[in-house]
Protein chains: 2
Amino acid sequence: MQDVSLAIKNKGLRATPQRIAIYEALLPRKDHPSVEMLYNEIRSRFPSISLNTVYATLESLWHAELIQRLDVGDGRIRYDGNPRMHAHVVCTSCLRVDDLPQPSENTMLNLMRTAADVSQYRIDAGKLLFYGQCKACSADENATP
Amino acid sequence: MQDVSLAIKNKGLRATPQRIAIYEALLPRKDHPSVEMLYNEIRSRFPSISLNTVYATLESLWHAELIQRLDVGDGRIRYDGNPRMHAHVVCTSCLRVDDLPQPSENTMLNLMRTAADVSQYRIDAGKLLFYGQCKACSADENATP
DNA sequence: TATTACATAGTAACCATTATTGTTTAGTAG
DNA sequence: CTACTAAACAATAATGGTTACTATGTAATA
């Protein structure tokens with residue numbers, strides 16, 4: 001509760017009711033919701049909120065490095081309440097996105113360093129995505145061929 | 001020349017003049033052009049070609065696994081004449097995209113296998129992207145602060 | 001209280017991509 | 001060579017997530 005408000009203020013942002021609500025809605029979720037998914041959830045408690053505010057707020061939280069922006073290539077951007085670098089898997093059937101515990105953050109940081117060495121770029125961020133089919137979709141496909 | 005035509009036919013596609021021209025235009029490039037960039041190049045030799053044909057052709061070549069589709073998140077899709085899995089670096093200033101020789105294809109395939117194990121997904125593809133600033137843009141920034 | 005800067009809501013515009021449609025071309029069989 | 005069938009092409013319109021714009025509201029500062 002107050003943690004959320006404090007975390008926002010600590011980044012130099014105003015802890016408005018809308019921002020607190022959006023951040024609090026995102027944090028417990030593990031399904032990497034899109035803007036519209038969050039918008040629909042927030043609207044039940046915040047009927048007057050605009051879609052635009054959700055866009056702007058998520059961008060602010062992202063710039064403040066409180067959350068992660070995740071473009072998996074399905075046309076809509078997903079958000080992740082965990083700002084630490086980690087890999088993701090995308091189900092190309094149902095488009096769900098899951099976190100991956102492997103490779104570790106250290107391994108990814110090592111990949112980044114290697115990339116910086118060989119490319120001569122200054123590298124700020126990395127993204128590791130896998131695409132395939134989740135267990136549920138594989139089962140469905142076998143059930144109805 | 002004939003290689004290109006043959007490669008297309010070997011995938012069961014018709015080797016039309018448009019397809020050959022588009023594929024031949026993409027192959028030597030290392031800058032991962034977008035649809036429009038290729039469209040502009042092709043039009044000089046093929047004034048009547050439509051943008052839509054470039055879209056359709058690139059999708060055909062991609063489905064045939066002759067080329068690679070690359071969504072780096074800048075709004076337009078980039079194409080890579082090399083279909084083998086490899087990492088990329090994106091310059092967030094000038095949006096150029098470069099290939100990375102590291103990590104090796106084997107390393108990436110190992111990452112895929114690990115991801116499949118821990119996620120219980122059937123994994124078909126992987127994507128490793130790094131974001132930062134290329135040498136030229138870093139130099140420009142230091143020159144004009 | 002006046003000032004200034006940031007937030008929000010609502011609407012309209014943007015733009016890469018995809019869908020649709022009618023036409024043309026290539027490949028194949030008779 | 002001609003007819004048939006399927007694929008490819010070109011032109012236009014439509015889609016849809018995102019951004020821009022504008023006006024209004026709210027919080028921090030002097």
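Reminder, nothing fancy here: chain letters follow the sequence lines and each chain counts from 1.
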Colleague: When you get a sec, tell me which of C:dA5, C:dT17, C:dT8 is the closest nucleotide to the side chain of B:L51?
Modeller: C:dT17
Colleague: Would you mind reading off the distance between A:R19 atom CZ and C:dA9 atom C1', rounded to a whole angstrom?
Modeller: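 After rounding, the gap between these two atoms is 14 Å.
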Colleague: Whole Å only: how far is the CG atom of A:D74 from the C1' atom of C:dA16?
Modeller: 15 Å
Colleague: To the nearest Å, give me how far apart NZ (B:K9) and C1' (C:dT28) are.
Modeller: 14 Å
Colleague: Does A:R122 come within less than 4.0 Å of A:D124, counting only side-chain N to carboxylate O?
Modeller: yes
Colleague: Output yes when A:R78 and A:D80 qualify as a salt bridge under the 4.0 Å nitrogen-oxygen rule, no when they do not.
Modeller: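 No, this pair does not count.
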Colleague: Side chain of B:I77: nearest nucleotide among C:dT25, C:dT17, C:dA7?
Modeller: C:dT17
Colleague: Can you give me the first and the last nucleotide of DNA chain D (5' to 3') that has an atom within less than 4.0 angstrom of a non-hydrogen atom in chain B?
Modeller: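 So the outermost contacting nucleotides come out as D:dA6 to D:dT12.
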Colleague: Under 4.0 angstrom, heavy atoms only, what part of the nucleic acid is A:R76 near: base, sugar-phosphate, or nothing?
Modeller: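 Contact class for A:R76: sugar-phosphate only.
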Colleague: Check this for me: B:K135, atom NZ, are more than 12 non-hydrogen atoms of other residues, nucleotides or ligands nearer than 6.0 Å?
Modeller: no
Colleague: For B:N52 and C:dT18, give me the distance from atom CG to atom P, rounded to whole Å.
Modeller: 10 Å
Colleague: With distance as the sole test, does A:H32 use its side chain to make a donor-acceptor pair with the main-chain N or O of A:K30 at under 3.5 Å?
Modeller: yes
Colleague: Under a plain distance cut-off of 3.5 Å, with no hydrogens placed, do A:T53 and A:S50 share a side-chain donor-acceptor pair?
Modeller: yes
Colleague: Which part of the nucleic acid, if any, lies within contact of B:T57, taking any heavy atom under 4.0 Å across all strands shown: a base, the sugar-phosphate backbone alone, or nothing?
Modeller: sugar-phosphate
Colleague: Consider only side-chain N and O atoms of A:D98 and A:H88, and report whether a donor and an acceptor are under 3.5 Å apart.
Modeller: no
Colleague: Tell me which of B:Y55 and A:T16 sits closer to the 5' end of DNA chain C, going by the nucleotide each one is nearest to.
Modeller: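 Looking at DNA chain C, the more 5' nearest nucleotide goes with A:T16.
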Colleague: If hydrophobic clusters are built by linking Ile, Leu, Val, Met, Phe, Trp and Tyr wherever their side-chain heavy atoms come under 4.5 Å apart, do B:V54 and B:W62 end up in the same one?
Modeller: yes
Colleague: Salt-bridge test for A:R69 and A:D71: reply yes if a basic N is under 4.0 Å from a carboxylate O, no otherwise.
Modeller: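 Not counted as a salt bridge, because no side-chain N and carboxylate O are separated by less than 4.0 Å.
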Colleague: Look at the side chain of B:T92 and the backbone N and O of B:G132, then say whether any donor-acceptor pair between them is shorter than 3.5 Å.
Modeller: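 The answer is yes, because a donor-acceptor pair under 3.5 Å joins these two groups.
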Colleague: Figure out the CZ/P separation between A:F46 and C:dT8, and round it to whole Å.
Modeller: 9 Å
Colleague: Expected output is a numbered-order residue list: members of residues 32-39 of chain A with a heavy atom under 4.0 Å from any atom of DNA chain C. What is it?
Modeller: none
Colleague: Could you tell me the separation between the OH atom of B:Y79 and the P atom of C:dA16, rounded to a whole number of Å?
Modeller: 14 Å
Colleague: Could you check how far CD1 of A:I20 sits from P of C:dT8, rounded to whole Å?
Modeller: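 Those two atoms, CD1 and P, are 10 Å apart.
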Colleague: Any base atoms under 4.0 Å from B:S48, or only sugar-phosphate, or nothing? Heavy atoms, all strands.
Modeller: sugar-phosphate
Colleague: Find the distance A:I49:CD1 to C:dG10:C1' and express it as a whole number of Å.
Modeller: 13 Å
